[in-house]
Amino acid sequence: MGTLPTMTEPPVLPTATYAITGATGHLGRLAVDALLRRGVPARNVIALVRDPDKAGDLAELGVGVRGADYDRPDTLGPALEGIERLLLVSSPTPGRRVEQHTNVIRAADAADVGHVVYTSILHADETENVLAPEHVATEDVLQGSGLPFAVARNGWYVENYTGRLDEYLARGEIVGAAGDGRVSAATRADYAEAAVSLLSGDITDQQGYWELGGPAFTMGDLAAAITDVTGTEVTYRDLSPGDYTDALRAAGMDEDTAGFVAALEASTARGELETDSPALENLLGRAPTPLVDAIRAARL
Ligand SMILES: NC(=O)c1ccc[n+]([C@@H]2O[C@H](COP(=O)([O-])OP(=O)(O)OC[C@H]3O[C@@H](n4cnc5c(N)ncnc54)[C@H](OP(=O)(O)O)[C@@H]3O)[C@@H](O)[C@H]2O)c1
């Protein structure tokens, strides 16, 4: 895994042409914002998007917008022309990802991109998390490509939880099967900023695999933090894996999705979403956003 000294101030990024895939998505858009905030001229930032019609706000920022569909290699070559540093945001389509990411990596290789950052999953090579195999396969393709690369092995997004705040508050409880499993979640904005740090600076120092996560909390801690911030009591109710799957089905979830969600919960219970790695803090040059601040922000 890469190591970096703790930074006090994020350095202004070197002049290069940066491209971000999935730039109309949450993480990609935040990465575009982070590049601009770090002093990269908008003309040196290229937003790669599946649907340019959805990228009007990006064009208004003055960044370049190019169509790039992971499923259409014919779009990827032109999209990556002249790009020196690429952030490949993992696709949101399980089952399709290895082929899609391979298409992008091949196109990056053909375009002589100088450095690729890929967003993977925490502990990709040792976790039993059901999402990991496609990330590991992508990491292998990247390593095999010979391209200089860094892998941001992101933990869970805090927004996976804060996005459900209204539901938790309405029910007065969080229902799950995570037991005492701790989750080193961080905000998307923090992961985006870290990815941008990996895109920049001394490329040699920033190659390798980075386990990224924020301060760890259990679902009980999450319920307590929501109670503290909102003044509305929320508790955590832990179910057995079987009862949890049944509850998801009873709430209208189809069989496959319920099994998938329960499998992710089991990964949390096994502690696979926890890390004590200081890498996120080091890349940010500050502590990751505290959970209570993320909950407060979600209330605004
Ligand atoms: N760590 C976690 O907790 C967590 C949670 C959820 C997801 N993830 C992973 O992290 C990634 C980024 O998260 P996010 O919140 O930014 O997801 P998101 O908001 O759903 O963004 C996904 C982006 O991928 C784009 N995309 C989808 N299919 C594509 C294709 N065939 N070709 C090119 N672009 C395509 C989407 O384009 P459109 O705007 O056109 O739809 C969108 O911009 C996800 O895709 C997923 O792999 C991680």
Side-chain angles (χ1 to χ4, degrees), residues 19-34 46-58 65-80 86-108 117-124 127 129-139 151-164 178 183-196 210-214 217 222 257 260-261 263-265 267-268 272-275 280 288 291 294:
I20 311 287
T21 72
T24 46
H26 292 95
L27 188 74
R29 174 56 200 258
L30 289 164
V32 170
D33 292 342
I46 308 293
L48 301 182
V49 302
R50 173 165 57 171
D51 179 1
D53 287 345
K54 287 169 65 178
D57 59 328
L58 285 161
V65 174
R66 298 183 188 172
D69 188 329
Y70 300 151
D71 286 313
R72 293 184 45 215
D74 58 307
T75 65
L76 298 172
L80 291 173
L86 169 69
L87 173 59
L88 169 53
V89 172
S90 57
S91 154
T93 315
R96 294 272 323 127
R97 294 195 239 221
V98 181
E99 188 180 334
Q100 292 179 326
H101 298 157
T102 301
N103 287 341
V104 179
I105 293 164
R106 285 208 182 115
V117 176
Y118 169 67
T119 62
S120 180
I121 191 172
L122 197 61
H123 309 308
T127 180
N129 188 295
V130 290
L131 292 169
E134 287 183 293
H135 287 295
V136 172
T138 303
E139 291 183 3
V151 172
R153 287 180 171 164
N154 291 342
W156 262 193
Y157 299 155
V158 165
E159 289 86 350
N160 295 348
Y161 304 106
T162 55
R164 299 177 62 188
V183 181
S184 301
T187 62
R188 283 195 188 91
D190 283 354
Y191 289 124
E193 227 178 281
V196 160
W210 299 79
E211 305 288 347
L212 302 181
F217 55 84
L222 173 65
T257 310
F260 176 73
V261 172
L264 295 181
E265 197 75 352
S267 181
T268 305
E272 293 169 351
L273 276 313
E274 182 179 5
T275 180
L280 181 60
L291 175 62

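When a ligand or atom number is given, it counts from 1 through the structure's own listing order. Predicted model, so just to flag it, every value in this text is computed and none were measured.
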Between Asp71 and Arg50, does at least one N-O distance fall below 4.0 Å, as a salt bridge requires?
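No, this pair does not count.
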
Got a salt bridge between Glu134 and Arg96, using NZ or NE/NH1/NH2 to carboxylate O under 4.0 Å?
no

For atom 13 (O) of ligand 1, which protein heavy atom lies nearest, and how many Å away is it?
Tyr157 OH, 2.9 Å

If you have a sec, work out which protein heavy atom is nearest atom 38 (P) of ligand 1 and how many Å separate them, to one decimal?
Lys54 NZ, 3.2 Å

Using a 4.0 Å cutoff against the non-hydrogen atoms of Ser90, which atoms of ligand 1 qualify?
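It comes down to these atoms of ligand 1: 9 (C), 10 (O), 11 (C), 44 (C), 45 (O), 46 (C), 47 (O).
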
Looking at Gly25, which atoms of ligand 1 are within less than 4.0 Å of one of its heavy atoms?
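Checking each atom against Gly25, I get 16 (O), 19 (O), 21 (O), 42 (C), 43 (O).
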
With a 4.0 Å heavy-atom cut-off (strictly under), which part of [X] contacts ligand 1: side chain, backbone, both or neither?
X      : result
Arg29  : neither
Leu27  : both
Ala185 : neither
Leu48  : neither
Arg97  : side chain

Ligand 1 to Thr93 polar contact by distance, N or O atoms, under 3.5 Å
no

Test your reading of the structure: does Trp156 have an N or O sitting under 3.5 Å from an N or O of ligand 1?
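The answer is no, given that Trp156 and ligand 1 share no N or O pair closer than 3.5 Å.
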
Assess, by modelled atom type and distance only, whether the side chains of His26 and Tyr157 contain a donor and an acceptor separated by less than 3.5 Å.
no

So, Ser184 and Glu274: side-chain donor and acceptor under 3.5 Å apart, yes or no?
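No, no side-chain donor-acceptor contact under 3.5 Å.
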
Donor-acceptor pair, Ser267 side chain versus Ala263 backbone, under 3.5 Å?
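Side chain of Ser267 to backbone of Ala263: no pair is present.
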
Nearest to atom 22 (C) of ligand 1 by heavy atom, Pro92, Gly22, Ala192: which?
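Comparing heavy atoms across Pro92, Gly22, Ala192, the nearest one to atom 22 (C) of ligand 1 lies in Pro92.
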
Fit a plane to each ring of Tyr118 and His135, take the angle between them on a 0 to 90° scale, and name the class: parallel (under 30°), tilted (30 to 60°) or perpendicular (over 60°).
tilted

